[in-house]
Amino acid sequence: MTTVRIKLASTVKVVSFVKALFLFFFIFLFTSTSFSQDKSVIQGIVYEEGSDLPLSGAHVLINETSYGTITGPDGSFRLIISSFPVSLKVSHVGFEDRFFEISKDVKEELLLLGMKFRAELLEGVTITDQKVETIFKNETYSVLDFE
């Protein structure tokens, strides 16, 4: 009859490995939650100052970065911020670009960001029904004469 001996050293190594693995996962979970606590969400509404109507499609960017968002149909937006203070650049077609400094004191509040209307007059365009006459035509370019 054969006797099997169990080595105690290998059992201790397995238990130590399991403890180390558990400790690693615990530290990983703890550090990931601590990193996520550093982020804050700011939210607000972009509106037209003259009529107090919300502006949909306004661009809300962190100044001098490409990180940002676009306002929804009701003018609302949400951004995740990692540090304060932060400078927001808000732009929309037909309105002046505005810059807003957001401090840590107002991070929990709903931000109301007003935009000022900007109108630009362009020169008039005349449309006629004159026939276009080809003066010279080549495969690479052509010259047209408008009367």
Side-chain angles (χ1 to χ4, degrees), residues 8-147:
L8 186 58
S10 64
T11 308
V12 171
K13 287 181 183 178
V14 170
V15 170
S16 297
F17 177 73
V18 170
K19 284 182 181 178
L21 191 61
F22 178 74
L23 182 63
F24 173 75
F25 282 121
F26 179 74
I27 290 173
F28 177 73
L29 290 174
F30 179 71
T31 56
S32 67
T33 57
S34 68
F35 287 135
S36 65
Q37 291 174 355
D38 294 341
K39 306 245 185 230
S40 298
V41 175
I42 60 172
Q43 54 188 351
I45 297 174
V46 177
Y47 68 96
E48 181 183 355
E49 285 186 349
S51 65
D52 293 338
L53 293 174
L55 287 176
S56 65
H59 296 258
V60 181
L61 299 171
I62 296 176
N63 195 23
E64 298 181 0
T65 69
S66 60
Y67 180 72
T69 188
I70 298 175
T71 59
D74 58 350
S76 65
F77 69 92
R78 290 179 58 152
L79 273 176
I80 298 174
I81 305 297
S82 57
S83 64
F84 287 94
V86 65
S87 177
L88 295 180
K89 177 183 177 183
V90 182
S91 60
H92 193 285
V93 175
F95 292 86
E96 292 179 8
D97 290 353
R98 300 282 307 264
F99 296 89
F100 299 93
E101 286 291 324
I102 309 300
S103 66
K104 198 170 191 170
D105 301 335
V106 295
K107 73 176 183 175
E108 299 295 325
E109 298 181 23
L110 182 68
L111 305 172
L112 297 175
L113 309 178
M115 299 289 290
K116 293 180 182 175
F117 182 72
R118 179 188 69 200
E120 290 185 22
L121 296 177
L122 302 175
E123 292 183 26
V125 176
T126 305
I127 300 174
T128 62
D129 61 347
Q130 295 177 349
K131 182 179 176 184
V132 177
E133 181 184 332
T134 305
I135 296 175
F136 175 78
K137 186 173 184 177
N138 191 343
E139 291 181 15
T140 56
Y141 66 94
S142 64
V143 177
L144 301 176
D145 181 25
F146 294 97
E147 293 180 12

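Keep in mind that this is a model prediction, so the values were computed, not measured.
- Tested against Leu79 for a side-chain contact (heavy atoms from CB on, under 4.5 Å), the candidates Ile102, Val60, Leu111 yield a single pass: Val60.
- A side-chain donor-acceptor contact under 3.5 Å links Thr71 to the backbone of Ala58.
- For CG of Leu110, the number of neighbouring non-hydrogen atoms (other residues, nucleotides, ligands) closer than 6.0 Å is greater than 12.
- Sorted pairs that involve residues 55-74 and meet ring-ring contact (aromatic ring centres under 6.0 Å, His included), not counting sequence neighbours, are lacking altogether.
- The ring-ring contact (aromatic ring centres under 6.0 Å, His included) pairs that include a residue from residues 100-125 are Phe95-Phe117, where partners are two or more places apart or lie in different chains.
- Legend: salt bridge (Lys or Arg N to Asp or Glu O under 4.0 Å) pairs involving residues 42-66, not counting sequence neighbours, sorted by first then second residue: Glu49-Arg98.
- A distance of 7.0 Å separates CD1 in Ile42 from CD1 in Ile62, rounded to the nearest 0.5 Å.
- Remark: Leu53 pairs with Ser51 by the side chain to side chain contact (heavy atoms under 4.5 Å, CB included) rule, at least two apart or across chains.
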Give the table of side-chain donor-acceptor pairs shorter than 3.5 Å for residues 84-94, with sequence neighbours excluded, one pair per line with atom names and distance.
from, atom 1, to, atom 2, distance (Å)
Ser87, OG, Glu101, OE2, 3.3
His92, NE2, Ser56, O, 3.0

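- Partners of Arg78 according to the salt bridge (charged side-chain N to carboxylate O under 4.0 Å, His left out) rule, which considers only residues two or more places apart in sequence or in another chain, do not exist here.
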